[in-house]
Amino acid sequence: MDFNDYLSEQIYRGRKRAGYTQAHLSQKLGVSVRWYQRIEKGERLPGAVVLIKLMLLLDIDIEVFRDYFMHK
């Protein structure tokens with residue numbers, strides 16, 4: 001699994017866990033629904049600001065990414 005796939009899976013799971021719809025989360029992030037969908041599908045990587053917002057809104061711990069890179 002490449003990083004885009006791994007990241008999109010973490011974001012999808014976080015969104016479901018938090019109870020957000022794609023539309024609601026995209027609004028909170030300040031991006032279009034289509035742009036958010038591309039992030040969640042692994043077609044686009046979010047920029048640093050959007051990634052930080054996602055991690056905070058979805059309670060994604062930075063250790064999740066550390067684990068990914070340590071097991072590569």
Side-chain angles (χ1 to χ4, degrees):
M1 177 181 298
D2 71 6
F3 184 69
N4 283 14
D5 293 334
Y6 183 79
L7 177 61
S8 66
E9 181 179 314
Q10 295 302 316
I11 292 170
Y12 172 78
R13 287 181 183 185
R15 180 177 64 80
K16 289 295 188 178
R17 189 174 50 246
Y20 290 122
T21 64
Q22 288 181 337
H24 187 221
L25 187 54
S26 67
Q27 183 180 24
K28 288 182 129 338
L29 293 170
V31 299
S32 72
V33 175
R34 182 68 186 129
W35 185 254
Y36 174 78
Q37 289 170 336
R38 288 178 173 163
I39 293 170
E40 193 172 288
K41 287 181 181 181
E43 296 172 0
R44 297 274 191 238
L45 280 174
V49 172
V50 173
L51 180 58
I52 291 168
K53 284 181 180 180
L54 278 167
M55 292 175 67
L56 293 171
L57 288 167
L58 303 179
D59 197 27
I60 297 173
D61 193 315
I62 191 71
E63 291 298 316
V64 169
F65 302 114
R66 181 178 183 268
D67 292 345
Y68 173 82
F69 288 111
M70 295 304 290
H71 291 102
K72 284 310 260 180

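Nothing fancy with the numbering, it's 1 onward along the sequence.
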**OP:** Go through the steps for F65 and M70 under the test side chain to side chain contact (heavy atoms under 4.5 Å, CB included), then give the verdict.
**Re:** CA-CA 9 Å; F65 302 114; M70 295 304 290; over 6 Å; no
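- Rounding to the nearest 0.5 angstrom, the gap separating the CG atom in L51 from the CG atom in L56 is 9.5 Å.
- Hydrophobic clustering (ILVMFWY, side-chain heavy atoms < 4.5 Å, transitive): I39 and V49 are in distinct clusters.
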Could you give the side-chain donor-acceptor pairs of residues 25-34 under 3.5 Å, partners two or more places apart or in another chain?
{"residue": "S26", "atom": "OG", "partner": "Q22", "partner atom": "O", "Å": "3.2"}
{"residue": "S26", "atom": "OG", "partner": "A23", "partner atom": "O", "Å": "2.9"}
{"residue": "S32", "atom": "OG", "partner": "W35", "partner atom": "N", "Å": "3.0"}

Contacts under 3.5 angstrom, residues 14-21 side chains, donor-acceptor by atom type, not counting sequence neighbours:
{"residue": "R15", "atom": "NE", "partner": "E40", "partner atom": "OE1", "Å": "2.7"}
{"residue": "R15", "atom": "NH1", "partner": "Y20", "partner atom": "O", "Å": "3.1"}
{"residue": "R15", "atom": "NH2", "partner": "E40", "partner atom": "OE2", "Å": "2.9"}
{"residue": "T21", "atom": "OG1", "partner": "H24", "partner atom": "N", "Å": "3.0"}

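- Rounding to the nearest 0.5 Å gives a distance of 11.0 Å between CD of Q10 and OH of Y68.
- Scanning for side-chain hydrogen bond (donor to acceptor under 3.5 Å, both in side chains) contacts around E9 gives R13, with sequence neighbours left out.
- The local environment of CG in D59 is sparse, with at most 12 non-hydrogen atoms from other residues, nucleotides or ligands closer than 6.0 Å.
- Rounding to the nearest 0.5 Å places CG of D5 at 13.5 Å from NZ of K41.
- Heavy-atom contacts from other residues, nucleotides or ligands closer than 6.0 Å to OH of Y12 number 12 or fewer.
- Going from atom CZ of F69 over to atom CZ of F3 covers 4.5 Å, rounded to the nearest 0.5 Å.
- Of the inter-residue distances, the one linking L7 atom CG with L45 atom CG reads 6.5 Å to the nearest 0.5 angstrom.
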